[in-house]
Chemist: 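One structure, pasted below without further comment.
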Amino acid sequence: MSDPKRLHPIAVLLNIIKSIKELVIPFLLVVVIPGKNEGIPGWIQPLVIAIIIILIIGNAFLQWLRFTYRIEEGEFRIESGVFVRKKRYIKFDRIHSIDISEGIIQRVFSLVKLNIETAGGSQADAVLSAIRKSDADRINAYISEEKNAYNPFDRDKDEVADNEIVAKSSSVFKQTLPQLFAMAATSGAVGVFLSGAVAFISQFDEMIPFQRIFKDYEDFIEMGTFILTLFALAALLAVYVLATLSMVIKYASFTVIKTDEEIVISRGLLEKRRLTIPIHKIQGIRIMENLIRKPLGLATVYIEYAGGSTEDKESLSIMLFPLIRKKHLQGKILEILPVYETDTKMKPIPKRALSRYVFRKFLYLIPIIGALVWFFRPWGYLSFLLVPLAIFWAYMQYRDAGWSIEGNLLLLSSRFFSKQTLIMQRSRIQSITYKKSWFQNRKELATITASIKSGINSRVGMVADVEEKDCLIIKSWYSPKKAVDSQ
């Protein structure tokens, strides 16, 4: 049992920053747009801004003052709330993961942020935004190893706890810097970067003087197509470099450590994070191979587990290996999760299913081509170039679709843009279903789906146009007793 403890006083600053982020749009409306309504005294705007600042600072201080945490009777207990007092009790056996991170502000003061998550929570159940690293390590050790014989806040046992953690752990995987650059360069983050930049600029299209910026647009065009092309390529290259560097900074020093009952993943340069995942909570693994990595024999591996929160999207899908060669994957998986098999040969779907994959692509493509030809003639005729691309895409999806059963493991492989292989233990599968349309029934095909718990939702693996008899084999493997009874 421990006495109630408060966060480090720097948590007041963190609360202020969080409040500013939440109120940024209203604050901009007060600061940027005023002055349009005539007759309003000029001192109103500074007064409103001052009141907002005072309220933010006062609320941040009261939140820090009224927030306490402690460990007592096998529970992690938190009391918070400025006006309405809230008490939260989290039992140790309900905790699925502990995430320790170090933001820029925390690192300046040698502090960390600790998130405690339980199964199916839409948000982190406990967030300690600023505590000492030694306290975070002791909380982690106390909860993970269920040692109730000592007080985790006892400073005299710092060294003992740290030594126990080190003794029971071993480094399994470490991403090198060249591998990080290769991962970032082939991640497709450029598209996310571009879409984010466009979305940000679109929020301020009324404030940015585009007409003044492009008043000499006609003269710029006269510079020629070659100059414009160089300008566009330079802009894309700059975005590509920024996206690559952001990924490298995010996943720098990526390390996976295996203990007796947990996996500890740490990464980050500016913001360091350490996520602890109990092995028995892992539901499956997911192997992703995009269009660039698959020909190079590279893949990214994710852990599917029953944890995470909607506040932290990254915690819903845990990256186990940012980039790894497929030939080395099985060896590394066996070191961490020996029950999983990745070298199993997949059974492909039948050749007669290829026509259905092509048909589905044309089902969506024909209306698009028709609209482009009708409204953008004659340039719309260029849309017919999409036909060979659609056929190639359909063939890639057909080629990568397959399934396999290896002991108590089910493997489902499919592709939308990237190839996904979902590996699930039979005991972790929530449901398996297969369905067939009238068109599939004519060719004795069906669609098989299997789902496992992942984050607050489910991760679904699906393979379309599998042999109908193979779907029955998978279903009987999953529910052997029901299969015998149905016979």
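Small disclaimer: the values here were computed from a predicted structure and weren't measured.
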Chemist: Specify whether F254 and F173 have parallel, tilted or perpendicular ring planes, treating 30° as the upper limit for parallel and 60° as the lower limit for perpendicular.
Modeler: perpendicular
Chemist: Show, in sequence, the C-alpha distance, side-chain angles and deciding distance for L14 and I16, and conclude whether the side-chain contact (heavy atoms from CB on, under 4.5 Å) test is met.
Modeler: CA-CA 5 Å; L14 296 173; I16 292 174; over 6 Å; no
Chemist: Hey, are the side chains of Y302 and M288 touching, using non-hydrogen atoms and a 4.5 Å cut-off?
Modeler: yes
Chemist: State, yes or no, whether a side-chain contact exists between T449 and I432 at a heavy-atom distance under 4.5 Å.
Modeler: no
Chemist: Can you find a side-chain donor-acceptor pair between Q440 and T447 that sits under 3.5 Å?
Modeler: yes
Chemist: Indicate yes or no for a side-chain donor-acceptor contact from E271 to the backbone of I104 under 3.5 Å, with no hydrogens or angles considered.
Modeler: no
Chemist: Working note: T344 + S404, criterion side chain to side chain donor-acceptor pair (under 3.5 Å); need CA distance, chi angles, decisive distance, verdict.
Modeler: CA-CA 7 Å; T344 301; S404 178; 4.7 Å; no
Chemist: Is the count of non-hydrogen atoms from other residues, nucleotides or ligands lying under 6.0 Å from E444 atom CD greater than 12?
Modeler: no
Chemist: Would you compute the distance between atom CZ of R428 and atom CD1 of I282 and round it to the nearest 0.5 angstrom?
Modeler: 8.5 Å
Chemist: Determine yes or no for a side-chain-to-main-chain donor-acceptor pair under 3.5 angstrom, with K332 supplying the side chain and V172 the backbone.
Modeler: yes
Chemist: Identify the heavy atoms of F321 and I336 that sit nearest to each other, and give their distance.
Modeler: CZ-CD1, 3.8 Å
Chemist: Using only atom types and a distance under 3.5 Å, with no angle test, would you say the side chain of S383 pairs donor to acceptor with the backbone of G380?
Modeler: yes
Chemist: Just checking, is any N or O donor in the side chain of Q330 or Y340 under 3.5 Å from an acceptor N or O on the other one?
Modeler: no
Chemist: Step through the shown structure and confirm whether more than 12 heavy atoms of other residues, nucleotides or ligands are within 6.0 Å of NZ on K326.
Modeler: no
Chemist: What heavy-atom pair brings P295 and L291 nearest, and what distance separates the two atoms?
Modeler: CD-O, 3.1 Å
Chemist: So, for V463 and G402, which heavy atoms are closest and what is the spacing to 0.1 Å?
Modeler: CG2-O, 3.5 Å
Chemist: Distance-only, no hydrogens or angles: does the R274 side chain make a donor-acceptor pair with backbone N or O of S101 under 3.5 Å?
Modeler: no
Chemist: Quick one: does any side-chain atom of R356 pair with a main-chain N or O of F439 as donor and acceptor, under 3.5 Å?
Modeler: no
Chemist: Look at the side chain of T300 and the backbone N and O of P322, then say whether any donor-acceptor pair between them is shorter than 3.5 Å.
Modeler: yes
Chemist: Are any side-chain N or O atoms of Q397 and backbone N or O atoms of A394, one a donor and one an acceptor, separated by less than 3.5 Å?
Modeler: no
Chemist: Assess the residue pair R415 and M396 against the criterion (side-chain contact (heavy atoms from CB on, under 4.5 Å)); give the C-alpha distance rounded to whole Å, side-chain angles, the decisive distance to 0.1 Å, and a yes or no.
Modeler: CA-CA 8 Å; R415 173 188 288 275; M396 292 286 289; 3.9 Å; yes
Chemist: Among all residues two or more places apart in sequence or in another chain, which pass the ring-ring contact (aromatic ring centres under 6.0 Å, His included) test with Y357?
Modeler: none
Chemist: For K443 and S355, test the side chains for any donor-to-acceptor distance below 3.5 angstrom and give the result as yes or no.
Modeler: yes
Chemist: Does anything in residues 384-408 pair up under ring-ring contact (aromatic ring centres under 6.0 Å, His included), and if so which pairs, sequence neighbours excluded?
Modeler: W393-F416, W393-F417
Chemist: I'd like to know if the side chain of N15 reaches the main chain of A11, judged simply by a donor and an acceptor atom lying under 3.5 Å from each other, with no hydrogens or angles considered.
Modeler: yes
Chemist: How many angstroms lie between CD1 in I474 and CD1 in I448, if you round to the nearest 0.5 Å?
Modeler: 4.5 Å
Chemist: Is it the case that the side chains of E102 and Q106 hold a donor-acceptor pair, with the cut-off being a distance below 3.5 Å and no angle test?
Modeler: no
Chemist: Can you find a pair of side-chain heavy atoms, one from V264 and one from V256, that are under 4.5 Å apart?
Modeler: no
Chemist: Residues in side chain to side chain contact (heavy atoms under 4.5 Å, CB included) with S451, at least two apart?
Modeler: Q430, S431, S458, V460
Chemist: Apply side-chain contact (heavy atoms from CB on, under 4.5 Å) to the pair L323 and Y251, showing each step before the final yes or no.
Modeler: CA-CA 11 Å; L323 190 70; Y251 292 103; over 6 Å; no
Chemist: Taking Y305 for its side chain and I318 for its backbone only, find out whether a donor-acceptor pair lies under 3.5 Å.
Modeler: no
Chemist: What do the steps show when you test L111 against I131 for side-chain contact (heavy atoms from CB on, under 4.5 Å), and what is the final call?
Modeler: CA-CA 5 Å; L111 303 172; I131 62 174; 6.0 Å; no
Chemist: Kindly compute the distance separating CG (D343) from CG (L329), expressed to the nearest 0.5 Å.
Modeler: 7.5 Å
Chemist: Taking R293 for the side chain and M183 for the main chain, is one N or O donor matched with an acceptor at less than 3.5 Å?
Modeler: yes
Chemist: Are a donor atom and an acceptor atom from the side chains of T421 and R286 found within less than 3.5 Å of each other?
Modeler: no
Chemist: Do other residues, nucleotides or ligands put more than 12 heavy atoms under 6.0 Å from M462 CE?
Modeler: no
Chemist: Honestly, is R377 close enough over W374, meaning NZ or CZ under 6.0 Å from the six-membered ring centre and within 45° of the axis?
Modeler: yes
